[in-house]
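Report on one structure; see the data block that follows.
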Amino acid sequence: MSESVVDPDEVRHVADLARVDLDDDEVERFTEQFADIFSYFETLDEVPEVEREAELTNVMRPDESHQGLSQAEALENAPDSEAGHFKGPKVS
């Protein structure tokens with residue numbers, strides 16, 4: 001790994017902002033992990049750009065009215081109903 005882009009003081013600063021106490025071993029471990037993460041971002045920068053496809057457009061269509069179910073049809077397969085309404089389990 002090349003020269004670290006993150007130093008232990010920056011890790012301590014971020015930990016202080018997050019109100020996280022880190023011992024010296026944890027600071028060292030996070031410094032290495034942050035450096036690895038930044039390395040991954042550098043790798044992503046090397047990915048060649050490709051030709052973009054045309055922008056997607058939201059094609060709206062007019063609403064269409066359809067006949068809905070009657071109350072009896074809607075309740076037909078309900079496991080439980082009461083007074084013409086769906087009945088669910090009691091919650092406490």
Side-chain angles (χ1 to χ4, degrees):
M1 180 168 36
S2 63
E3 182 181 322
S4 179
V5 294
V6 179
D7 65 38
D9 290 333
E10 290 174 314
V11 172
R12 285 186 185 91
H13 177 70
V14 171
D16 287 341
L17 291 174
R19 296 187 175 128
V20 174
D21 291 326
L22 298 178
D23 62 30
D24 289 340
D25 290 338
E26 292 170 317
V27 168
E28 183 178 328
R29 188 174 71 225
F30 282 116
T31 300
E32 292 171 7
Q33 289 176 351
F34 288 151
D36 288 343
I37 291 168
F38 284 121
S39 163
Y40 297 140
F41 280 109
E42 289 173 2
T43 301
L44 287 175
D45 286 339
E46 296 171 10
V47 174
E49 291 187 28
V50 294
E51 190 73 26
R52 284 185 57 174
E53 294 181 19
E55 290 289 325
L56 296 177
T57 56
N58 187 6
V59 179
M60 301 293 287
R61 61 172 172 73
D63 289 336
E64 296 176 6
S65 178
H66 297 280
Q67 182 65 36
L69 298 175
S70 70
Q71 188 172 13
E73 290 171 323
L75 293 172
E76 199 171 87
N77 291 320
D80 202 5
S81 63
E82 183 177 288
H85 300 285
F86 291 101
K87 183 175 180 185
K90 290 184 179 186
V91 285
S92 53

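Side chains are part of it too, since the values below use all heavy atoms of this structure and drop only hydrogens, waters and symmetry mates. Residue numbers count from 1 along this sequence.
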> Would Arg52 and Glu55 pass as an ion pair if we require N to O under 4.0 Å?
Replying inline: yes
>> Nearest 0.5 angstrom please: Asp63 CG to Arg61 CZ, how far?
In response: 7.0 Å
> Does Phe41 belong to the same Ile/Leu/Val/Met/Phe/Trp/Tyr cluster as Phe30, with side-chain heavy atoms less than 4.5 Å apart forming each link?
Replying inline: yes
> In terms of hydrophobic clusters joined by side-chain contacts under 4.5 Å, are Val6 and Val14 together?
Replying inline: no
>> Could you tell me if the side chain of Arg12 sits less than 4.5 Å from the side chain of Asp24, heavy atoms only?
In response: yes
> How close do Phe86 and Ala74 get, heavy atom to heavy atom, and via which atoms?
Replying inline: CZ-O, 3.5 Å
> For His85 and Gln71, which heavy atoms make the closest approach, and how far apart are they?
Replying inline: N-NE2, 4.4 Å
> Honestly curious: do Phe38 and Leu44 fall in one hydrophobic cluster under the side-chain, below-4.5 Å linking rule?
Replying inline: yes
> If only atom types and distance count, is the side chain of Thr31 paired as donor or acceptor with the main-chain N or O of Val27 below 3.5 Å?
Replying inline: yes
> Quick one: CD on Glu28 to CG on Leu22, what's the gap to the nearest 0.5 Å?
Replying inline: 12.5 Å
> Just how far is it from atom CZ of Phe34 to atom CZ of Arg29, taken to the nearest 0.5 Å?
Replying inline: 11.0 Å
> Are there more than 12 heavy atoms of other residues, nucleotides or ligands under 6.0 Å from atom CG of Asp23?
Replying inline: yes
